[in-house]
Amino acid sequence: MLQVHFIRENKETVLAGLAKRNFANAESIIEHVLSADENRRKTQVQLDNTLAESNKISKEIGNFFKSGEIQKANILKERTVQLKEKSKELSEKSNAIADELQTLLYQIPNVPHESVKAGKSEEDNENIFSEGNIPDLGENSLPHWELAKKYDIIDFELGTKIAGAGFPVYKGKGARLQRALINYFLDKNTKAGYTEVQVPHLVNAESATATGQLPDKEGQMYHSTVDDLYLIPTAEVPITNMFRGNLVLESNFPITLTGYTPCFRREAGSYGAHVRGLNRLHQFDKVEIVRIEHPNNSYQALNGMVEHIKDILRELKLPYRILRLCGGDTGFTAALTFDFELFSTAQDRWLEISSASNFETFQANRLKLRFKNKDGKSELAHTLNGSSLALPRVLAGILENYQTAEGIKIPDALVPYCGFDIIN
RNA sequence: AGAAAGGUGGCCGAGUGGUCGAAGGCGCACGCUUGGAAAGCGUGUAUACGGCAACGUAUCGAGGGUUCGAAUCCCUUCCUUUCUACCA
């Protein structure tokens with residue numbers, strides 16, 4: 001959520017940023033915010049003055065009671081009746097305006113970083129880097145869902161029986177490979193200095209709001225209405241919320257965490273060939289990295305995250321590219337996002353396997369996550385996160401790119417984690 | 001799930017109707033002291049909103065109520081701890 005005073009002082013920057021996102025009605029919503037803000041401040045002053053008078057009289061009444069001048073006290077009491085009514089009215093008005101303002105602010109996405117290009121959709125994303133060899137698989141290459149069946153390592157139908165479509169069952173070497181990947185990713189992250197955490201897989205509404213899943217993405221999360229808890233769509237939510245409401249010391253930076261969790265997404269309305277197999281699931285595993293940074297450092301930190309993820313993909317010898325998302329494709333809460341896409345040779349398409357973002361103060365403002373700066377004043381911190389990595393598509397990429405006539409070879413880096421070097 | 005106790009500033013902890021944004025301590029900052037450090041002494045040290053400022057207002061888990069006036073009394077709710085019950 002943008003800060004009102006930021007919008008007030010940087011109206012043109014905000015409008016230009018929203019334009020890059022192709023955000024509709026930016027002009028009118030910003031005007032609405034500014035008028036509501038002005039209205040709120042005006043009402044607040046009136047309320048403050050009324051309360052100040054009321055407080056003053058109350059003190060006088062107290063003094064009269066103490067000195068035994070009961071009559072004088074009673075006269076003053078009558079005066080407070082009107083003040084009370086007035087302050088009640090003003091405070092109701094003030095609350096109503098504050099709610100209105102809040103509703104408006106919740107609708108405004110983050111202002112993109114200056115390096116973000118304007119654009120409507122994924123077609124306008126910029127390809128900024130690519131690496132790795134695309135293997136020549138010959139004529140008989142299979143997509144991962146067929147490989148999964150051939151080697152009996154993932155059973156989609158069984159998952160459908162147990163839960164429904166999008167909940168695969170991993171079996172034998174498939175399950176082991178998945179576990180190997182999780183351990184491998186966590187080891188890579190902890191070696192890079194990230195502290196490993198295990199966090200709740202269900203979160204309350206407050207947490208989901210703070211990182212930006214609520215109110216806009218409500219329909220995308222599974223919701224236990226009895227307990228009013230949400231199944232996490234990503235570990236970003238519980239890990240970032242570890243710091244909700246915190247006032248950290250500048251010397252605590254950088255705060256770097258990593259965690260493995262399953263992720264749950266309703267994906268309502270998704271269909272077609274692009275969601276086949278492991279391409280899109282309701283439940284999938286992911287290892288996430290989260291950083292809390294000083295504002296001066298956050299972009300350097302984002303680059304560091306990108307380098308870290310590159311390093312992993314390089315070690316797995318998978319062909320990938322990095323996209324800088326355009327304004328229209330950048331998530332609601334992010335200022336700058338780099339997507340990592342793995343090339344699936346057998347499907348002849350790119351699969352998103354990681355997304356690294358800097359949210360600047362957008363989440364911190366909702367989280368009330370601050371630090372004390374050198375002047376002793378509190379300032380909002382910057383939050384960042386990235387996947388390192390999302391499991392199913394990496395698994396799909398390995399199955400497809402490493403397939404041979406003898407079976408599926410295991411990337412060297414994973415062999416110690418798997419305990420075998422081929423699936424056949 | 002039942003019973004009891006409790007939730008106060010960065011942390012600990014006092015405070016049962018007015019002079020309480022809140023004693024005291026720890027921590028932190030600055031100064032004095034010192035060859036330097038520690039100790040000691042002194043001063044300062046919550047957050048948000050409005051205001052150039054003086055200052056005003058709000059905040060003692062959250063929400064509501066009583067009262068001229070609430071950290072303090074009442075109601076609701078969330079959480080924590082202990083005991084009992086249950087249990088991987």
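Residue numbers start from 1 in every chain, and the chains themselves are labelled A, B, ... in the order their sequence lines are given, proteins ahead of strands. What you see below is based on every heavy atom in this structure, not just the backbone, and it leaves out hydrogens, waters and symmetry mates.
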How would nucleotides 56-73 of chain B be written as a contact map, 5' to 3', with B for base contact, S for sugar-phosphate-only contact and - for no contact, using protein heavy atoms under 4.0 Å?
BSS---------BS----
What is the separation between atom [atom1] on [X] and atom [atom2] on [N], rounded to the nearest whole Å?
| X | N | atom1 | atom2 | answer |
| --- | --- | --- | --- | --- |
| A:Phe64 | B:U19 | CZ | P | 17 Å |
| A:Glu379 | B:A46 | CD | P | 18 Å |
| A:Asn39 | B:G50 | CG | P | 14 Å |
| A:His5 | B:G50 | NE2 | P | 9 Å |
| A:Asn365 | B:A48 | CG | P | 12 Å |
| A:Glu38 | B:G50 | CD | P | 12 Å |
| A:Asn204 | B:U77 | CG | P | 19 Å |

With sequence neighbours excluded, what pairs up with [X] under the salt bridge (Lys or Arg N to Asp or Glu O under 4.0 Å) test?
| X | value |
| --- | --- |
| A:Asp99 | none |
| A:Glu288 | A:Lys286 |
| A:Arg291 | A:Glu293 |
| A:Lys120 | none |

What distance, rounded to whole Å, do you find between the two [atom1] atoms, one in [N] and one in [M]?
| N | M | atom1 | value |
| --- | --- | --- | --- |
| B:U16 | B:U72 | C1' | 5 Å |
| B:U84 | B:A14 | P | 27 Å |
| B:U67 | B:A1 | C1' | 39 Å |
| B:U82 | B:C32 | P | 49 Å |
| B:U57 | B:G21 | C1' | 12 Å |
| B:A46 | B:G42 | C1' | 23 Å |
| B:C20 | B:A54 | C1' | 23 Å |
| B:C41 | B:A5 | P | 41 Å |

Extract all donor-acceptor atom pairs below 3.5 Å that involve side chains of residues 17-26 of chain A and protein atoms in other chains or at least two apart in sequence.
unit_1	atom_1	unit_2	atom_2	d
A:Lys20	NZ	A:His113	O	3.2
A:Lys20	NZ	A:Val116	O	2.7
A:Arg21	NE	A:Asn110	O	2.7
A:Arg21	NH1	A:Thr330	O	2.8
A:Arg21	NH1	A:Gly331	O	3.3
A:Arg21	NH2	A:Asn110	O	3.2
A:Arg21	NH2	A:Gly331	O	3.0
A:Arg21	NH2	A:Ala334	O	2.7

For A:Tyr260, ring-ring contact (aromatic ring centres under 6.0 Å, His included) partners two or more places apart
none
Taken in chain and number order and not counting sequence neighbours, the residues that satisfy side chain to side chain contact (heavy atoms under 4.5 Å, CB included) with A:Lys217 are A:Gln220
By nearest-heavy-atom nucleotide on RNA chain B, the more 5' of A:Gln3 and A:Asn63 is A:Asn63
Side-chain ion pair, A:Arg370 and A:Glu379, N-O less than 4.0 Å
no
Lys/Arg-Asp/Glu bridge criterion (N-O < 4.0 Å) met for A:Arg8, A:Asp37
yes
Less than 4.5 Å apart, any side-chain heavy atom of A:Phe338 and any of A:Ser355?
no
Exercise answer: donor-acceptor pairs, residues 53-61 of chain A side-chain atoms, under 3.5 Å, sequence neighbours excluded:
unit_1	atom_1	unit_2	atom_2	d
A:Asn55	ND2	A:Leu51	O	3.4
A:Ser58	OG	A:Ser54	O	3.1

Geometric cation-pi criterion A:Lys173 and A:Tyr151, 6.0 Å radius, 45° cone
no
Can you find a side chain N or O atom of A:Arg41 that sits less than 4.0 Å from OP1 or OP2 on B:A48?
no
Read 5' to 3' with Watson-Crick or G-U pairs under 3.5 Å, [ ] for crossing pairs and | for partners on another strand, RNA chain B gives ((((((((.[[[..)..(.....]]]((((((.......))))))(((((....))))).[[[[[..)....]]]]])))))))....
If a pair satisfies side-chain hydrogen bond (donor to acceptor under 3.5 Å, both in side chains) and one of its residues is in residues 72-82 of chain A, list it, with sequence neighbours excluded.
A:Glu69-A:Lys72
With a 4.0 Å cut-off on heavy atoms, is A:Arg370 in touch with a base, just the backbone sugar-phosphate, or nothing at all?
sugar-phosphate
Where do N or O atoms of nucleotides 8-13 of chain B meet protein N or O atoms at under 3.5 Å, pair by pair?
none

